[in-house]
J.: 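Before we start, here is the structure in question, set down as structure tokens.
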Amino acid sequence: MFKNVNLYRASTVPAICKLDTFVPCGATQEHSIGFVPPRGEEHGELIEIIAGQTVLKLMAEVKAVPADMIARKAAERARQIEHDEGRKPGKKEMKEIKEDVKLALLPHAFPKRYTTLVMFTSDGFLLIDASSQAKADEAITQIVRSFDGIVITHVNTNQSPVTAMAHWLIEQEPPAGFSIDRECELKASDESKAVVKYGRHPLDIDEVRTHVQSGKLPTKLALTFDSRVSFVLTEGMALKKVEFLDVVFEDKPDNEADAFDADVAIVSGELRPLLKDLLTALGGEVAA
């Protein structure tokens, strides 16, 4: 539960309402998205409220035809037209041919599905477990469409994550409650766009300081909070590779239904203080 945290503020916590449930793609449909029960039960509730947190889950299905296959089939049709009619199709006609080919092939395309967990916390945060910004944006779009009047805003801090991470690496003084782990990514801001990556490597070395001082800015930095939650902070204020250490779940119940409630309570109980302290370390949120 929550391998990534894309952090937003929500104007309100969604009320119980009728939501669009997930329906698989039709024969010639490329994309479908809708809500599914967070617990995974076939006819379960689409909105779960546990320990003051509101939890939803989105499922998306995507069908795609490889571009090279479309191009190959379109070229075959173009050659047939040239053979039968003695002319080559123009650009507009070729575009139409490619669309026709795609529609013909879509019913045979293999669909791929992925889910996105969403949590509205009791203190006004919206957490989206999305591995990419595109998937986070997709979830926000669906939420805004589903709940009238809700406003979602990105969390901005008075000090950027890049500036803060650079300071932590140079001074080797992470904020209170945090420790620096063994992974980071540094990118040059000049035309070279040079990138230096460290993985499973100590970062308290002169080489890292020299890179930062020479203009390579940290875009990712691995941290651990309170010896309980490890993650990689990104330049865009997202938390990647979130991992709750063993001590966090040592008292988790065995019953499946109770385990889901426990997961939500435990995860929110760990993430909320982490986010509070992280925002403080970044100078606090920018006033709206």
Side-chain angles (χ1 to χ4, degrees), residues 1-64 110-155 238-240 242 244 248-249 252-272 274-275:
M1 181 174 283
F2 278 94
K3 299 296 184 184
N4 308 278
V5 175
N6 295 269
L7 184 62
Y8 302 88
R9 279 287 186 188
S11 59
T12 59
V13 176
I16 301 296
C17 65
K18 183 175 176 59
L19 298 176
D20 292 331
T21 57
F22 170 75
V23 177
C25 289
T28 59
Q29 187 178 0
E30 295 181 75
H31 180 266
S32 178
I33 187 169
F35 291 92
V36 294
R39 291 180 186 273
E41 299 171 345
E42 187 173 355
H43 300 292
E45 297 292 335
L46 296 179
I47 299 179
E48 294 280 356
I49 301 175
I50 301 165
Q53 323 308 315
T54 301
V55 183
L56 305 94
K57 182 184 282 188
L58 285 160
M59 177 174 283
E61 183 174 88
V62 178
K63 292 200 302 183
F110 185 76
K112 294 182 179 180
R113 292 182 180 180
Y114 57 88
T115 58
T116 303
L117 192 65
V118 174
M119 180 187 292
F120 291 85
T121 70
S122 57
D123 48 2
F125 287 116
L126 166 60
L127 314 183
I128 299 178
D129 185 2
S131 58
S132 69
Q133 187 60 52
K135 290 180 179 178
D137 291 343
E138 177 186 61
I140 290 173
T141 298
Q142 193 66 18
I143 291 168
V144 170
R145 286 176 179 171
S146 302
F147 299 100
D148 291 339
I150 194 169
V151 177
I152 308 297
T153 55
H154 195 277
V155 170
L239 279 58
K240 302 294 185 181
V242 176
F244 299 89
V248 172
F249 290 103
K252 180 178 174 180
D254 295 328
N255 179 276
E256 188 172 341
D258 292 340
F260 179 83
D261 287 22
D263 280 348
V264 173
I266 292 170
V267 167
S268 64
E270 297 293 334
L271 288 179
R272 287 170 61 199
L274 184 162
L275 294 172

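What you see below is based on every heavy atom in this structure, not just the backbone, and it leaves out hydrogens, waters and symmetry mates.
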J.: Step by step, would you call Ile33 with Thr141 a side-chain contact (heavy atoms from CB on, under 4.5 Å)?
T.: CA-CA 11 Å; Ile33 187 169; Thr141 298; over 6 Å; no
J.: With a 4.5 Å cut-off on side-chain heavy atoms, are Ile266 and Val248 touching?
T.: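 Contact flag for Val248/Ile266 side chains = yes.
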J.: Is it true that a side-chain atom of Lys63 and a backbone atom of Ala27 form a donor plus acceptor pair closer than 3.5 Å?
T.: yes
J.: Using modelled atom types and a 3.5 Å cut-off, is there a donor and acceptor pairing between side-chain atoms of Gln53 and backbone atoms of Ser122?
T.: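 The answer is yes, because a donor-acceptor pair under 3.5 Å joins these two groups.
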J.: For Glu48 and Glu45, which heavy atoms make the closest approach, and how far apart are they?
T.: OE2-CB, 4.0 Å
J.: Which pair of non-hydrogen atoms, one from Ser32 and one from Phe22, has the smallest distance, and what is that distance?
T.: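 Closest approach of Ser32 to Phe22: O-CE1, 3.9 Å.
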J.: To the nearest 0.5 Å, what is the distance between CZ on Arg145 and CD1 on Ile150?
T.: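 Between atom CZ of Arg145 and atom CD1 of Ile150 there are 14.5 Å.
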J.: Specify the closest pair of heavy atoms between Ile128 and Ala136, including all atoms of both residues, with the distance to one decimal.
T.: CD1-O, 4.0 Å
J.: Any side-chain heavy atom of Leu274 within less than 4.5 Å of one from Leu239?
T.: yes
J.: Return yes if some donor-acceptor pair links the side-chain N/O of Glu61 with the main-chain N/O of Cys25 below 3.5 Å, else return no.
T.: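 The answer is yes, because a donor-acceptor pair under 3.5 Å joins these two groups.
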J.: Quick check: do Phe260 and Glu41 have side-chain heavy atoms less than 4.5 Å from each other?
T.: no
J.: Can you tell me how far the CD atom of Glu138 sits from the OG1 atom of Thr116, to the nearest 0.5 Å?
T.: 6.5 Å
J.: side-chain contact (heavy atoms from CB on, under 4.5 Å) for Met119 and Val264? Distances and angles first, verdict last.
T.: CA-CA 9 Å; Met119 180 187 292; Val264 173; 4.0 Å; yes
J.: Is there a side-chain contact between Val118 and Asp129, using heavy atoms and a 4.5 Å cut-off?
T.: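 No; the side chains remain at least 4.5 Å from each other.
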J.: Using 0.5 Å steps for rounding, measure from the CG atom of Asp123 to the CZ atom of Arg272.
T.: 4.5 Å
J.: What are the two closest heavy atoms between Pro37 and Gly44, and how far apart are they?
T.: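 Closest approach of Pro37 to Gly44, heavy atoms only: CG-O, 3.6 Å.
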J.: How long is the straight-line distance from CG of Leu275 back to CG of Leu7, given to the nearest 0.5 Å?
T.: 5.5 Å
J.: I'd like to know if Arg39 and Asp261 make a salt bridge, using a cut-off of under 4.0 Å between side-chain N and carboxylate O.
T.: yes
J.: Among Leu58, Leu56, Ile143, which residue meets the side chain to side chain contact (heavy atoms under 4.5 Å, CB included) test with Leu19?
T.: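 So the option named by the test is Leu56.
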J.: Are Val62 and Tyr114 packed together at the side-chain level, in the sense that at least one heavy-atom pair is separated by less than 4.5 angstrom?
T.: yes
J.: Kindly give the heavy-atom pair with the smallest separation between Leu46 and Val36, and that separation in Å.
T.: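 It is CD2-C, 3.5 Å.
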J.: Decide side-chain contact (heavy atoms from CB on, under 4.5 Å) for Phe125 and Val155; before the verdict, give the C-alpha distance in whole Å, the side-chain angles of both, and the deciding distance to 0.1 Å.
T.: CA-CA 9 Å; Phe125 287 116; Val155 170; 4.2 Å; yes
J.: When you look at CG of Asp20, are more than 12 heavy atoms from neighbouring residues, nucleotides or ligands closer to it than 6.0 Å?
T.: no
J.: Could you pull out the closest heavy-atom pair between Arg113 and Pro24, with the gap in Å?
T.: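 Scanning both residues completely, I find the closest heavy atoms to be NH2-CG, 3.5 Å.
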J.: Stepwise, does the side-chain contact (heavy atoms from CB on, under 4.5 Å) test hold for Ser146 with Phe35?
T.: CA-CA 10 Å; Ser146 302; Phe35 291 92; 3.3 Å; yes
J.: How long is the straight-line distance from OH of Tyr8 back to CD1 of Ile140, given to the nearest 0.5 Å?
T.: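 That separation rounds to 3.5 Å.
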J.: Between Asn6 and Ala130, is there a donor-acceptor pair closer than 3.5 Å when you use the side chain of the first and the backbone of the second?
T.: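 A pair under 3.5 Å: yes.
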J.: Hey, are the side chains of Val13 and Phe147 touching, using non-hydrogen atoms and a 4.5 Å cut-off?
T.: no
